[in-house]
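Read the structure below first, then the notes.
Counting convention: from 1, in listed order, for ligands and their atoms alike.
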Amino acid sequence: MLATKLVDNAYDVALENFDAAADALGLDNDTREMIKYPERVLTVSVPVRMDDGTIKRFQGYRVQHSTARGPAKGGIRFHPQVTLDEVKALATWMTWKCAVVNIPFGGGKGGVTCDPKHMSQHELEHMTRRYTSAILPLIGPQQDIPAPDVYTNPQTMAWIMDTYSMTKGYTIPGVVTGKPISLGGSLGRNEATGRGVFYTIECACEHLGIPLKGATIAVQGFGNAGSVAAQLLHEAGAKVVAVSDSAGAIYNKDGLDIPELIHMKTIAGHVHGFPGSEPIDPAALLAFKCDILVPAALENAVTAENASSVSARIIAEAANGPLTPAADRILESKGAFIIPDILCNAGGVTVSYFEWVQDEQHLFWEAQDVYNRLEKVMKTSFRDVLKIHLDRVVPMRIAANVLGIGRVAEAIHIRGIYP
Ligand code: NAD
């Protein structure tokens, strides 16, 4: 289990990151007040009749942090540790993330506190549909567009789309992204986050003069984001030497066979016991001697307690908020190059944007077209952030926040205050 929640409240981290970037930007107090806090926060009660006939009530949330630059956009998380503060933090990061990659969306996030690993498909479907009907006043293709996050997937999105469409009386695919292809999903969406992580790692290696071929890599969290990033890094000739999921961690000093590992994880649901690997302590994975560390699980994986043991030269934040501010400072002082979450994992929301555009136009693109457009967005955004990092001599995280917050502040200024 991660050291989450016991250390830093994710929302406090989001606010601290905001203040640091606002200081670097020289943002005035009025603008800070207007863009720092969520625009709307909804807490909902989600009763579900479970398979054994009993009724269980789940707590759900949807937060719209900002709609200054367009509809709110952000995933829905099903996890036992979901709290309102976590959802507020994730919504805040979505605002800056969409602005960093310059797509016309604001930031939102949703979640239900539940343990999907111990729920049947039937229970999950009923919980998803009831949660959707509870947040219905907020969502819509021009208002707020959910997507998958931890322990939600294309099937979850299909249930949300169906529930929303049934209520409105006609089919509205653009209300969610990350849908199955057969329902208006985009080719390349499922692997978009990991692919975006890969492109930013390529850029970082080029900047630092580290050859990706032969580079050693450790990946914490072998889910959607982590496994796709691992696969592309493996294909590029890097050696993914250590991998973990919530049930354990494994290593092979010569590099794990990632396609085979993905195959096993799909069938068995875990990475431990993979042939040719040795088990390691999951906590030790973060300190594993490697060139690139990819935290791709949850928040607060690296804290003041374990940051000094991290030896990777590049830290690519596939997860949202995997480093606490204290960990950031320690790693910066050690000379680590951090690709911050709002840049590193922005590939997911970028292809979500492409999906929404395709749904709105009823015209669908080929996979290669999606990859080419994604690569362009990710590499342009990396260069934009790197320029601020070098010109202003600020950490990469502050540079990314300066870019994102600056764009939102500009939108707010031009729009003015209603009424
Ligand atoms: P996922 O549910 O597909 O995978 C999460 C993985 O993390 C699972 O393999 C799980 O076993 C593992 N995990 C959970 N707790 C762990 C622990 N303590 N130690 C090691 N592994 C652990 O989720 P995902 O979509 O890949 O999301 C992972 C992270 O990436 C989250 O922070 C999410 O917010 C972020 N993210 C995802 C997307 C996306 O499009 N999926 C986009 C942007 C950011």
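Nearest residue to atom 11 (O) of ligand 1 from Ala346, Ser246, Gly196 is Ser246 (criterion: closest heavy atom). Taking all heavy atoms of Ala318, Gly321, Ala297, Gly347 into account, the minimum distance to atom 29 (C) of ligand 1 is reached by Ala297. When Ala249, Gly221, Gly75 are ranked by how near their heavy atoms come to atom 7 (O) of ligand 1, first place goes to Gly221. Nearest residue to atom 43 (C) of ligand 1 from Asn345, Leu90, Asn190, Val228 is Asn345 (criterion: closest heavy atom). The nearest non-hydrogen atom to atom 21 (N) of ligand 1, considering only Leu286, Val219, Asp245, comes from Asp245.
For the 3.5 Å distance criterion, the side chains of Lys289 and Thr216 fail to qualify, holding no donor opposite an acceptor.
Shown in contact with Arg77 at under 4.0 Å from a heavy atom are these atoms of ligand 1, numbered in order with element: 31 (C), 32 (O), 33 (C), 34 (O). Heavy-atom proximity to Arg189, at under 4.0 Å, picks out these atoms of ligand 1: 40 (O). Atoms of ligand 1 lying under 4.0 Å from any heavy atom of Ser244, numbered from 1 in the order shown and given with element: 20 (C). Applying the 4.0 Å criterion to heavy atoms of Gln220 picks out, from ligand 1, the atoms 19 (N), 20 (C). Distances below 4.0 Å separate heavy atoms of Ala296 from the following atoms of ligand 1: 28 (C), 29 (C). Every atom of ligand 1 is numbered from 1 in the order shown, and the set under 4.0 Å from a heavy atom of Ala319 is 29 (C), 30 (O), 32 (O), 35 (C).
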Which pairs would a plain distance check flag for residues 269-278, meaning a side-chain donor or acceptor within less than 3.5 Å of a matching protein atom at least two apart in sequence or in another chain?
| from | atom 1 | to | atom 2 | distance (Å) |
| --- | --- | --- | --- | --- |
| His270 | ND1 | His272 | O | 3.0 |
| Ser277 | OG | Phe274 | O | 2.7 |

- Query: Phe105 and Tyr353: ring pair (Phe, Tyr, Trp, His ring centres under 6.0 Å), yes or no, with the steps?
  - Reply: CA-CA 8 Å; Phe105 285 144; Tyr353 165 58; 5.6 Å; yes
- Message: Determine whether Phe337 and His207 satisfy the following criterion, ring pair (Phe, Tyr, Trp, His ring centres under 6.0 Å), listing intermediate values before the conclusion.
- Response: CA-CA 10 Å; Phe337 185 87; His207 167 63; 5.5 Å; yes
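Backbone and side-chain nitrogen or oxygen atoms of Leu298 are examined, and none is located within less than 3.5 angstrom of a nitrogen or oxygen of ligand 1. Considering backbone and side-chain atoms alike, Thr193 places an N or O below 3.5 Å from some N or O of ligand 1. Checking only distances, Asp149 does come within under 3.5 Å of ligand 1, N or O to N or O. An N or O contact shorter than 3.5 Å links Lys265 to ligand 1 by distance.
For the pair Lys88 and Tyr11, the distance from NZ or CZ to the six-membered ring centre is under 6.0 Å and the angle to the ring normal is within 45 degrees.
Side-chain atoms of Asn306 come within 3.5 Å of backbone atoms of Thr303 as a donor-acceptor pair (strictly under, hydrogens ignored).
Not a single heavy atom of Glu191 lies less than 4.0 angstrom from ligand 1.
Between Glu375 and Lys379 there is a salt bridge, with a side-chain nitrogen of the basic residue lying less than 4.0 Å from a carboxylate oxygen of the acidic one. Glu86 has a carboxylate O that lies under 4.0 Å from a charged side-chain N of Arg77, or vice versa, which qualifies the two as a salt bridge.
Under the side-chain contact (heavy atoms from CB on, under 4.5 Å) criterion, Ala22 pairs with Phe18, Leu27, Arg32, not counting sequence neighbours.
The one candidate from Met161, Arg62, Lys109 that meets the side chain to side chain contact (heavy atoms under 4.5 Å, CB included) condition with Pro146 is Arg62.
Proximity of Phe222 to ligand 1, defined as any heavy-atom pair under 4.0 Å, is confined to the backbone N, CA, C and O atoms.
Taking CG of Leu293 as the reference point, atom CZ of Phe288 lies at 11.5 Å (rounded to 0.5 Å).
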